[in-house]
Protein chains: 4
Amino acid sequence: MTPPTTPAPSSRRPGRPRSESTRREILAATWRLLEQQTVQSLTIEAIAKEAGVGKATIYRWWDSKALVVIDAFMEHHVMKTPMPRDVPPGEAIARHIASLVREYAGRSGRIVAQIIAEGQSDPVVLRELRERFQDGRRTVVREVLEEWQRRDDIPVPPNIEILSDLLYAPVYMRLLLGHAPLDKAFARQHVEYVWTLLGQTPPA
Amino acid sequence: MTPPTTPAPSSRRPGRPRSESTRREILAATWRLLEQQTVQSLTIEAIAKEAGVGKATIYRWWDSKALVVIDAFMEHHVMKTPMPRDVPPGEAIARHIASLVREYAGRSGRIVAQIIAEGQSDPVVLRELRERFQDGRRTVVREVLEEWQRRDDIPVPPNIEILSDLLYAPVYMRLLLGHAPLDKAFARQHVEYVWTLLGQTPPA
Amino acid sequence: MTPPTTPAPSSRRPGRPRSESTRREILAATWRLLEQQTVQSLTIEAIAKEAGVGKATIYRWWDSKALVVIDAFMEHHVMKTPMPRDVPPGEAIARHIASLVREYAGRSGRIVAQIIAEGQSDPVVLRELRERFQDGRRTVVREVLEEWQRRDDIPVPPNIEILSDLLYAPVYMRLLLGHAPLDKAFARQHVEYVWTLLGQTPPA
Amino acid sequence: MTPPTTPAPSSRRPGRPRSESTRREILAATWRLLEQQTVQSLTIEAIAKEAGVGKATIYRWWDSKALVVIDAFMEHHVMKTPMPRDVPPGEAIARHIASLVREYAGRSGRIVAQIIAEGQSDPVVLRELRERFQDGRRTVVREVLEEWQRRDDIPVPPNIEILSDLLYAPVYMRLLLGHAPLDKAFARQHVEYVWTLLGQTPPA
DNA sequence: AGTTAATCGAGACGGTACGTCTAGTCTTATT
DNA sequence: AATAAGACTAGACGTACCGTCTCGATTAACT
């Protein structure tokens, strides 16, 4: 199945073209339903009904419920946790972590967590989530970390992913395990501690 | 519903007592089926058939499929990742992380990941998993970290959970997101880097 | 699949026994729906809904929609066109044809016609209809015809089926083709003519 | 909807004229598919695909699947069971019945039976079938029977349809009910018996 | 030894959703 | 206009499980 985001690159295929309004309605309906239930309890049937759409139309463009949810999420997410680019790298990362925690503490966090959950039994979902949502972010983080190393000479491991994980993994762990709160206090303490270990003054 | 692990607390209830062999057969069947499929695709119906047991018998003792899986997992897990207690605390933690990575790289890891996944739409599951599988471990980790602080004066955050997460979260993140390998090289690099930040010599 | 009319011949099978009330409710619902629509437009889904029953329950006991309809028909039909046994054979046949025409001119006729229609693309249906509905009748007709031959010396073909068809086929042809009315006048004219050919006085 | 056999009666309508080759291709595709499946299981979708034609094109010219089938049947049938016109009327009828039985014993019989079946839930189909396929025949049969009466003084009922049904109904009954074979032996026995009743010598 | 009460297996039951299929309609660009 | 292509809403298909229920049969402790 062609990824639904890639329309028709060439001139034009024969037949009635895909309805853009239908696509939007499906994603909007999905998003509405996710206010009241989990991804697991969500059904294609319910999405179709809520969107006023035939089930086959959904199956035509998406391979699984989770992929619809990823699309719906991307449609409404539009990068609410950007990496600040006009501040020193250490502060950029700190602010980014804070905004990520803030975002993940709410509904978006629950939905990301449930998409990751779906991904545990469907590799396609996990891959799609990473490619569309996280890989770009990881690249930016890596660049900022390298800049930070150049500017402030922070100690960096041979494989910079190790540092990147160190910074972000606790956020995801609390999101998914819920063993401790995912809140502003956590973000501050985590940043303060790691910055101290890196020999930096934590941002105010 | 009474937790299935708590048999009969008082002297004795009237009527036919619960069959211990049936309980074991259900958990064994669950474990067998999990060799071939995911927790999500596993069904109570299939467990009942595989175990030669009525569905109602399963429902009588467990509230959900995931709770059966947790029990089956505990039955076969028997703490394969103990915290070494006869080595210096820094080395104990390092070895523990290595054994955890080793364990999670295989089937147990997949199953733990899938239980966490189930937990994203069922708080009971997540709580049960934490209480029976992780809380005890976290307590031990905390004790070892405090000993480490006393012995080697490592820098420790006010809330020691922050350090604990720093050490273990990358393992869970790789287990669940799969964005980077969960292998021996990762364990070594991660430990080496964090130990360096803590001003310690990483164990060989 | 076991014919649903044959319950459990032996002592008792394990498991919850089949619900007789459910069986009756399904057939009653089918009959109700057939007052408003054709067999072709009838759906298992609609039967299930009308009967307040799960679809699987219908599929468990019947192989196809048409077989449910046959059962529903038999349940309500209870042989409304019996062969009179206390009159001379010629008159018995004449009365039987008249009652058959009367019956087939109404709803029963439409349903029998539609079952035969279903049978054109499903041999099982046609066989079932013949075995449960027509074979018994044909046997009786044959006996009465043989008695008629003995008593009144009517001319009979070597294969008595030929005469039997001659008597009954026009009824079915009008039922199915509708090229001419299936009414009392037809029944009278048909009987009068055939009786004349057989050298008998037609009954008043 | 205009009957599809009536092309464009007037001089010329604006726009692209109906494609005759498309019409033929649809009917040919229908006929090909009917070699492998029943009318009931045949779908407009399959016909369109097999003919390389849009579904809408079929819907534009025919009101239902069964009407397409009737057209396809007429296209290939070309009256294979004509009434012989250069023999005595009794023999003409006898030969006609024999050829009808021969024809109906094969694939044509199955298709006619299935068209009649479709007609049980769609009066339009039944009417169309009669008008285009059987009414002409019935008229011819009636004429031959009347000639037979004049020539050989056979006993004829007031309404000659009664005799006509007597002759032909057993053929249709066996075609549709399948309770007894539709073969050469049947045709011979049936004709012999009826001819005897009519006081005629059966043809050799 | 007989009674009592909960357990067990089997499997039928009312439901719900699955993913597929076809109906019949519509929207394109092309002929 | 008519066409091929194919997307669209609608809804039935037959299957799979859900969690509940009714059976008869078992299994112990308590009369």
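Here is how names work: the chains are called A, B, and so on, in the same order as the sequence lines, proteins then strands, and each is numbered from 1.
For B/Ile58 and E/dA10, the CD1 to C1' distance is 13 Å, given to the nearest whole Å. Atoms CD (A/Gln40) and P (E/dA17) sit 13 Å apart, rounded to a whole Å. Separating the CZ atom of D/Arg24 from the P atom of F/dT3 is a distance of 14 Å, rounded to the nearest angstrom. Between the P atom of F/dG14 and the OH atom of C/Tyr59 lies a distance of 4 Å, rounded to the nearest Å. Counting to the nearest Å, the P atom of E/dG9 and the CD atom of B/Glu25 are 10 Å from each other. Atom-to-atom, CD1 of C/Ile44 to P of E/dC21 comes out at 20 Å; the value is rounded to the nearest Å. The separation between C/Leu67 atom CG and F/dG14 atom C1' is 15 Å, rounded to whole Å. Atom CD1 of D/Ile47 and atom C1' of E/dC21 are 16 Å apart (whole Å).
Taking the charged nitrogens against the carboxylate oxygens, A/Arg32 and A/Glu25 do have a contact shorter than 4.0 Å, which makes a salt bridge.
Atom CG of A/Leu129 is separated from atom CZ of A/Arg127 by 11.5 Å, given to the nearest 0.5 angstrom. C/Gln120 CD to D/Glu118 CD: the interatomic distance, rounded to the nearest 0.5 Å, is 10.5 Å.
Counting heavy atoms from C-beta on, the side chains of A/Arg132 and A/Ile70 come closer than 4.5 Å.
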Residues A/Leu34, A/Arg107; criterion side chain to side chain contact (heavy atoms under 4.5 Å, CB included); working and verdict: CA-CA 9 Å; A/Leu34 283 177; A/Arg107 189 155 79 93; 4.0 Å; yes
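Taking the side-chain contact (heavy atoms from CB on, under 4.5 Å) definition, one finds that C/Glu20 meets it with C/Arg23, C/Arg24, sequence neighbours left out. Residues satisfying the side-chain contact (heavy atoms from CB on, under 4.5 Å) criterion with A/Ala56, sequence neighbours excluded, are absent altogether.
With the nearest nucleotide of DNA chain F identified for both A/Ala51 and B/Lys65, A/Ala51 has the one nearer the 5' end. Between C/Thr22 and B/Ser19, it is B/Ser19 whose nearest contact on DNA chain E lies nearer the 5' terminus. Residues C/Ala48 and C/Pro14 each lie close to DNA chain E; by heavy-atom proximity, the contact nearer the 5' end of the strand is made by C/Pro14. For the pair D/Gly52 and B/Ala46, nearest-nucleotide mapping onto DNA chain F gives the more 5' position to D/Gly52.
For C/Glu45, the listed nucleotide lying nearest its side chain is F/dA12; candidates were F/dC23, F/dA12, F/dC17.
Taking the six-membered ring for Trp and thresholds of 30 and 60 degrees, C/Trp31 and C/Phe73 have ring planes inclined between 30 and 60 degrees apart.
Note on the helix from E/dA1-F/dT31 to E/dT31-F/dA1: angle between the axes of the first and last five pairs equals 10°, rounded to 10 degrees.
Donor-acceptor pairing under 3.5 Å, judged by distance alone, is absent between the side chain of B/Arg16 and the base of F/dT27. The base of E/dG11 is not paired with the side chain of B/Lys55 by any donor and acceptor separated by under 3.5 Å.
Counting non-hydrogen atoms under 4.0 angstrom, A/Ala56 reaches a base of the nucleic acid.
Within the 4.0 Å cut-off from OP1 or OP2 of F/dA2, not a single side-chain nitrogen or oxygen of D/Arg60 is found. Between A/Trp61 and F/dC8 there is a side-chain polar atom (N or O) within less than 4.0 angstrom of OP1 or OP2. Within the 4.0 Å cut-off from OP1 or OP2 of F/dA4, at least one side-chain nitrogen or oxygen of D/Thr57 is found.
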